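Values in this document were obtained by computation on a predicted structure and should not be read as measured data.
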Amino acid sequence: MAAQCVTKVELSVSCDNLLDKDVGSKSDPLCVLLMNTSGTQWFEVGRTEQVQNCLSPQFAKKFVIDYYFELVQKLKFGVYDIDNKTIDLSDDDFLGEIECTVGQIVSSKKLTRPLVLKNQKPAGKGTISITAEEIKDNRVVNFEVEARKLDNKDLFGKSDPYLEFYKQTDRGWQLAHRTEVIKNNLNPVWKPFKIPMRSLCNGDLEKPIKVECYDYDNDGSHDLIGIFETNLSKLQEASRTTPAEFECINMKKKQKKKHYKNSGVVSVKSCQVVKEYTFLDYIMGGCQINFTVGIDFTGSNGDPRSPESLHYISPQGFNEYLMAIWSVGLVIQDYDSDKMFPAFGFGAQIPPSWQVSHEFPLNFNPANPFCAGIQGVVDAYRVCLPQVKLYGPTNFSPIINHVAKFASEAAQQNSAAKAATQYFVLLIITDGVITDLDETRNAIVNASRLPMSVIIVGVGGADFSAMEFLDGDDGTLRSPTGQPAIRDIVQFVPFRKFQNAPKEALAQCVLAEVPQQVTSYFNTHNLRPPNDPTPAASS
């Protein structure tokens with residue numbers, strides 16, 4: 001049977017007239033997208049950025065989802081006023097939600113609905129609008145942009161400029177990208193950024209593109225510095241020696257001032273169109289996903305012989321550790337050709353010396369820690385459990401560094417071959433009370449440069465706030481010395497959320513971010529699939 005051809009759809013979200021939950025300022029909204037394809041279990045697809053002090057936000061970050069004609073894919077868009085740094089939304093003010101299906105959005109050019117509260121009453125006059133576009137073009141435009149002599153809009157200090165890029169549509173201008181804000185600088189140099197070509201101009205080099213330059217204000221009343229219009233054809237003429245330059249024009253100032261010239265110049269140093277490969281391009285092109293399992297054998301799990309223990313194997317032959325191994329392993333094993341998985345334990349005293357180890361092979365064979373298939377991992381766990389003494393502390397960093405060593409060797413092989421040959425996924429299953437948080441932060445920041453991802457499944461009822469801190473969804477994880485992770489490589493999921501869900505639900509949620517992590521690593525390093533005949537760049 002031929003592989004199913006999946007259409008990818010990009011969803012753009014905006015809201016109007018949101019409830020104002022902040023005293024003395026406006027709400028700081030963020031939109032979260034949840035999906036449900038079976039039963040009652042919703043899983044999170046992603047979140048937009050948070051927009052400060054704004055009741056009618058246009059979110060720059062888009063949602064990309066797979067569209068299956070034959071499935072009813074229920075979606076829930078929830079809008080929250082974010083007031084803290086936690087990833088959990090239950091402690092943020094709820095501004096309303098809607099439920100709809102992918103089919104309803106795809107069949108309307110633009111779906112606009114009133115937001116409702118949890119009791120189904122209207123959320124004030126708040127509305128949400130969603131537009132969908134099919135993704136047929138996986139090229140991206142890489143930009144390097146700076147500006148000079150921008151107008152100063154601030155009384156004290158200098159302007160804090162940022163740019164917004166807009167695509168022309170038959171419904172007007174649609175926000176495609178918002179750059180970072182550069183504080184207190186009239187000659188800003190923005191970090192390199194990329195915009196999908198479909199978001200910028202639908203692949204049409206002559207389609208008008210509007211760029212607006214603003215001075216950022218904390219209260220949300222951003223001041224317009226100036227605007228210019230161009231197209232991709234003109235932008236692509238840019239080079240470092242002869243940048244493409246555009247005058248920012250502020251029409252209000254132009255009408256008032258007789259000798260008005262401009263409000264500054266935006267200089268595009270580089271604008272290159274490159275092909276971005278998809279996860280399937282890499283997998284079908286021969287990239288291997290190497291799967292490693294790490295299991296927490298610390299004393300806080302409880303005595304495995306006691307039914308209260310997280311390691312107690314029920315008469316039916318199960319516990320949460322085994323269920324997590326099966327659920328995630330069954331999906332990921334399809335992407336590993338030899339199906340041989342290294343499996344380790346940590347935090348136990350092991351025979352014969354009874355020293356505490358933080359990375360011992362479940363089969364007690366350091367020279368060959370591999371298990372044959374997921375069944376082999378499960379068998380090794382069952383044999384190992386009665387032979388070790390649960391102890392402590394709960395140290396994650398040794399096992400992360402262990403896998404990182406192999407990922408580092410793979411990174412060198414990848415770059416020597418100029419191809420994406422290997423990627424590593426480490427699954428850590430833990431009861432959550434982590435001891436070496438600083439060393440683990442360091443290990444993750446170092447690993448963020450390598451072809452690897454870390455999935456943490458938390459079992460039991462512990463406080464998992466430290467785990468959520470490691471998952472960089474709510475901001476960039478930093479090492480104790482302040483070095484930022486280059487990309488978010490950790491996905492944390494508490495098992496208790498899935499106890500009564502269909503068995504596919506845990507794997508769906510746990511593995512949701514892996515394809516994007518794989519593609520972002522390889523595309524950033526300009527590595528193509530090993531068996532790819534097409535050139536990577538098409539600029």
Side-chain angles (χ1 to χ4, degrees), residues 290-302 304 309-314 317-333 341-348 350 357-363 369 371 373-385 388 390-400 402-403 424-436 440 443-444 452-464 466-468 470-471 489-499 501 503-514:
N290 301 291
F291 182 48
T292 304
V293 182
I295 296 176
D296 181 339
F297 285 96
T298 54
S300 50
N301 283 279
S309 169
L310 293 167
H311 278 297
Y312 173 75
I313 298 176
S314 71
F318 275 109
N319 63 24
E320 290 189 10
Y321 281 91
L322 284 167
M323 286 157 83
I325 293 168
W326 274 119
S327 174
V328 178
L330 284 175
V331 173
I332 216 158
Q333 71 176 357
F341 306 120
F344 297 91
F346 58 90
I350 59 170
S357 171
H358 297 294
E359 45 168 318
F360 61 90
L362 293 189
N363 62 9
C371 304
I374 297 305
Q375 184 65 57
V377 176
V378 167
D379 294 343
Y381 166 76
R382 287 167 175 273
V383 171
C384 167
L385 189 57
V388 300
L390 273 58
Y391 206 69
T394 309
N395 290 353
F396 281 13
S397 58
I399 197 164
I400 294 172
H402 176 94
V403 174
F424 289 77
V425 175
L426 167 61
L427 169 66
I428 296 176
I429 312 171
T430 177
D431 74 344
V433 189
I434 184 169
T435 315
D436 66 336
T440 296
I444 290 169
M452 78 178 265
S453 294
V454 181
I455 294 166
I456 303 173
V457 175
V459 294
D463 171 14
F464 290 126
M467 302 295 122
E468 293 183 340
L470 296 175
D471 184 334
I489 63 164
V490 178
Q491 169 77 335
F492 167 72
V493 177
F495 188 87
R496 57 179 174 241
K497 272 173 75 175
F498 296 91
Q499 269 168 325
K503 62 180 186 300
E504 305 82 35
L506 174 69
Q508 212 170 8
C509 186
V510 161
L511 297 173
E513 291 185 18
V514 169

* Asked: Taking only residues two or more places apart in sequence or in another chain, which ones pass side chain to side chain contact (heavy atoms under 4.5 Å, CB included) with Asn290?
  -> Asp336, Gln422, Phe424
* Do the non-hydrogen side-chain atoms of Leu310 and Asn319 ever get within less than 4.5 Å of each other? -> no
* Structure fact -> Heavy-atom nearest pair, His358 first then Pro398, reads CB-CG, 3.6 Å
* With sequence neighbours left out, write down each residue that passes side chain to side chain contact (heavy atoms under 4.5 Å, CB included) with His311, or none if nothing qualifies. => Ile295, Phe297, Asn301, Pro304, Ser309, Tyr321, Tyr381, Leu385, Leu390
* Give, for atom CZ of Phe492 and atom SG of Cys509, the distance between the pair rounded to the nearest 0.5 Å. => 10.5 Å
* **Whether Ser327 side chain and Met323 backbone form a donor-acceptor pair below 3.5 Å** => no
* Excluding sequence neighbours, so at least two apart, what forms ring-ring contact (aromatic ring centres under 6.0 Å, His included) with Phe498? -> none
* What are the two closest heavy atoms between Phe341 and Gln333, and how far apart are they? -> CZ-CB, 3.5 Å
* To do: Identify, with sequence neighbours excluded, every residue that meets side-chain hydrogen bond (donor to acceptor under 3.5 Å, both in side chains) alongside Ser453.
  => Tyr423, Gln517
* Taking only residues two or more places apart in sequence, or in another chain, which ones meet Asp379 in a side chain to side chain contact (heavy atoms under 4.5 Å, CB included)? -> Gln375
* Leu322 and Gly317: which non-hydrogen atoms are nearest, and at how many Å? -> CD1-O, 3.6 Å
* To do: Please identify each residue that fulfils side chain to side chain contact (heavy atoms under 4.5 Å, CB included) with Ala324, with sequence neighbours left out.
  => Ile429, Val457, Phe495, Leu506
* Mind checking what makes side-chain hydrogen bond (donor to acceptor under 3.5 Å, both in side chains) contact with Ser300, not counting sequence neighbours? -> Thr298, Asp431
* Say whether, by atom type as modelled, one donor and one acceptor occur between the side chain of Arg496 and the main chain of Gly460 under 3.5 angstrom. => yes
